[in-house]
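Given the structure is predicted, the values throughout are model-derived calculations rather than measurements. The chain is numbered in sequence order, starting from 1. These numbers come from the heavy atoms of this one structure, side chains and all, not from hydrogens, waters or symmetry mates. Whatever order the structure lists them in is the order used to number ligands and atoms, beginning at 1.
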Amino acid sequence: MTASFPAMRMRRGRSTPWMRAMLAEQRLSPSDFIWPLFICAGSGCEEPIASLPGVSRWSVDRIGEQAKLAASLGIPCVALFPNTPAGLRSERAEEALNPDNLICRAVKAVKDACPGVGVLTDVALDPYTAHGHDGLIDAAGRVMNDETSKVLVEQALVQAEAGADIVAPSDMMDGRIGAIRSALEDAGRQDTAIMAYAAKYASAFYGPFRDAVGSRGLLKGDKRGYQMDPANSIEALREVALDVAEGADMVMVKPGLPYLDIVAAVKREFLLPVFAYQVSGEYAMIEHAAAAGAGERDALILETLLAFKRAGATGILTYHAVDAARLIHG
Ligand code: PBG
C-alpha cells in the first residue's frame with residue numbers, strides 16, 4: 001500500500017442519500033417540539049407581533065384551532081403565554097391568581113379542543129406586573145425572593161386547577177420548585193409535572209417576547225438580579241442540581257443556540273430530560289437573516305433545530321414548531 005493512499009476515506013459515508021440517511025446520528029421529529037403560543041383578550045382576534053414576524057397572538061376562542069394544528073402535525077405540547085390587558089396589570093400581579101384569567105381560559109380552550117395535546121404554562125409574574133419584573137419588588141425596586149415564591153405557588157395551583165399538564169416556572173427565584181412541588185402534592189395534583197427553567201440567562205434575546213406579552217415598555221431596569229450571568233456555566237449545573245433536588249421532572253436551558261454548551265453539560269451530568277428554549281430573538285434572527293438573503297429559511301430552521309438534538313436536548317421550545325413539522329413531514 002502506498003503511503004499517500006488513505007486507508008480510511010470518510011467521504012464514503014457521505015457518498016449517497018441512502019448512505020447519509022443510514023448513518024445519521026440524529027433525526028428531527030415533530031414530537032421534539034413544544035410550540036409557544038401567545039394569548040390576547042377579545043374574541044375572533046389574531047394580532048401579528050411586529051418583532052416576531054410570522055407569529056401572532058390569538059384570542060381564547062381561536063386558540064383551539066392552533067392546538068388542532070399542532071395535533072395534526074404531531075406536535076405533542078403547546079406552551080401558553082398571555083398578553084394581559086394593561087388595566088389588569090398591577091404592582092402585586094393579582095391577575096396571575098385569577099382562575100378566570102386569559103391563561104386559565106386558554107388552557108381550558110386547548111383541552112376542550114384537543115384533549116390529547118399537552119399544555120405547559122409559564123409560572124412567573126412578568127405578564128401581570130405593572131413594572132414588568134417576574135416577581136414582586138420592594139421599595140428599592142429589588143425583586144423579593146420568598147414573597148414572590150409564595151405568589152408563584154398560588155399561580156401554579158391556579159394553572160394546574162385550570163388543567164395545565166406541566167407548570168414551568170421561568171422566574172429564577174430560589175426555592176420555588178420545592179415550594180410548588182409540595183403545594184401540588186398537598187392539593188392532590190401529583191400528576192402535574194414541573195419543567196424548571198433551571199438555567200435561564202439574563203439575555204438580550206428576549207426582546208420580541210417582551211413585545212408579545214406587552215412587558216417590554218414597562219420593564220424598569222434589567223433582570224440580572226435573578227437571571228443568570230451569560231459568563232457562567234458551573235453555576236448552571238448548580239442551578240440544575242438544586243431544581244432536581246427540589247423535584248423538577250425536567251429542566252430547561254434558555255436561550256438555546258448560544259447556550260448549547262450548557263445543554264450538553266446538563267445532559268452529561270444529570271439523568272433527566274433537558275429541554276432548550278430557542279427564544280424569540282433567535283427566531284427573529286433566523287427570519288431576518290433569511291429575509292435579507294443570508295441563507296435559505298427552511299434550511300436554517302432545520303439545521304438549528306437539529307443542532308439542539310446533537311447537543312443532547314430531549315426537546316425544543318420553538319416558534320418554528322409548525323414550520324419545522326411541515327418541513328419534516330415533507
Ligand atoms: C419571563 C419569560 C421570558 C421568556 C419566557 N418567559 C422573558 C424574560 O425573562 O424577560 C422569553 C422567551 C422568549 O424570548 O422567547 N418569565
Side-chain angles (χ1 to χ4, degrees), residues 33-39 49-57 77-84 89 93 95-96 102-103 120-137 143 145 148-149 151-152 155-156 159 164 166-173 176-177 180 194-230 239 251-259 275-288 304-305 308 315-321:
F33 307 137
I34 296 175
W35 188 28
L37 290 167
F38 296 104
I39 320 295
I49 301 158
S51 58
L52 216 42
V55 178
S56 296
R57 303 180 197 97
C77 185
V78 295
L80 303 177
F81 297 94
N83 183 317
T84 306
R89 296 180 197 235
E95 180 65 8
L102 278 181
I103 219 63
L120 179 150
T121 51
D122 195 65
V123 180
L125 303 183
D126 52 309
Y128 309 95
T129 51
H131 45 71
H133 278 292
D134 291 29
L136 305 179
I137 56 174
V143 172
N145 194 87
T148 296
S149 187
V151 182
L152 298 174
Q155 183 185 21
Q159 293 174 349
I166 306 175
V167 291
S170 69
D171 53 284
M172 291 299 279
M173 297 304 115
R176 89 285 201 217
I177 299 299
I180 291 170
I194 300 179
M195 181 187 291
Y197 284 67
K200 175 173 178 181
Y201 288 84
S203 170
F205 286 97
Y206 302 151
F209 174 95
R210 292 178 189 166
D211 289 336
V213 301
S215 68
R216 171 128 70 173
L218 303 175
L219 185 62
K220 299 204 176 59
D222 59 50
K223 300 192 178 183
R224 286 184 288 187
Y226 43 107
Q227 298 178 350
M228 282 184 57
D229 184 341
E239 282 283 4
V251 293
M252 191 205 293
V253 173
K254 177 181 174 190
L257 211 57
Y259 295 82
F275 286 79
Y277 198 144
Q278 182 186 46
V279 299
S280 57
E282 298 177 67
Y283 171 93
M285 208 158 61
I286 291 172
E287 292 296 322
H288 291 305
T304 46
L305 291 170
F308 285 99
I316 308 128
L317 288 89
T318 174
Y319 302 98
H320 279 131

Provide the number and element of each atom of ligand 1 under 4.0 Å from a heavy atom of Lys254.
2 (C), 3 (C), 4 (C), 5 (C), 6 (N), 11 (C), 12 (C)
Say whether, by atom type as modelled, one donor and one acceptor occur between the side chain of Thr318 and the main chain of Gln278 under 3.5 angstrom.
no
Do any N/O atoms on Lys223 end up under 3.5 angstrom from N/O atoms on ligand 1?
yes
Is it true that Asp211 and Ser51 share a donor-acceptor pair across their side chains at a distance under 3.5 Å?
yes
Quick one: which ligand 1 atoms are inside 4.0 Å of a heavy atom on Ala124?
16 (N)
Give a yes or no answer on whether the side chain of His133 reaches the backbone of Gly135 with a donor-acceptor pair at less than 3.5 Å.
no
Of all protein heavy atoms, the one nearest atom 7 (C) of ligand 1 is Phe209 CD2, 3.5 Å
Please report the C-alpha distance between Phe81 and Arg57 in whole Å, then the side-chain angles of each, then the deciding distance to 0.1 Å, and finally whether the side chain to side chain contact (heavy atoms under 4.5 Å, CB included) criterion is met.
CA-CA 9 Å; Phe81 297 94; Arg57 303 180 197 97; over 6 Å; no
Under 4.0 Å, heavy-atom basis, I'd like to know which part of Ser280 is in contact with ligand 1: side chain, backbone, both or neither.
both
Give me the residue, atom name and distance of the protein heavy atom closest to atom 1 (C) of ligand 1.
Asp126 OD2, 3.0 Å
Just let me know how Asp171 lines up against ligand 1, side chain, backbone, both or neither, with a heavy-atom cut-off below 4.0 Å.
neither
Contacting atoms of ligand 1, where contact means under 4.0 angstrom from a heavy atom of Lys200
1 (C), 2 (C), 3 (C), 6 (N), 8 (C), 9 (O), 16 (N)
Against heavy atoms of Val279, which atoms of ligand 1 measure under 4.0 Å?
13 (C), 14 (O), 15 (O)
Mutual orientation of the aromatic rings belonging to Tyr283 and His320 [parallel < 30°, tilted 30-60°, perpendicular > 60°]:
tilted
Closer than 4.0 angstrom: is that true for some heavy atom of Gln227 and an atom of ligand 1?
yes
Do the charged groups of Asp229 and Arg224 touch, with an N to O distance under 4.0 Å?
no
Below 4.0 Å, non-hydrogen atoms only: which portion of Tyr277 touches ligand 1? Side chain, backbone, both or neither.
side chain
Glu282 meets the side chain to side chain donor-acceptor pair (under 3.5 Å) criterion, sequence neighbours left out, with none
What closest approach, in Å, do Leu152 and Ala124 show between heavy atoms, and which atom pair accounts for it?
CD2-CA, 3.8 Å
Counting from 1, what ligand 1 atoms have a heavy atom of Arg210 closer than 4.0 Å?
8 (C), 10 (O)
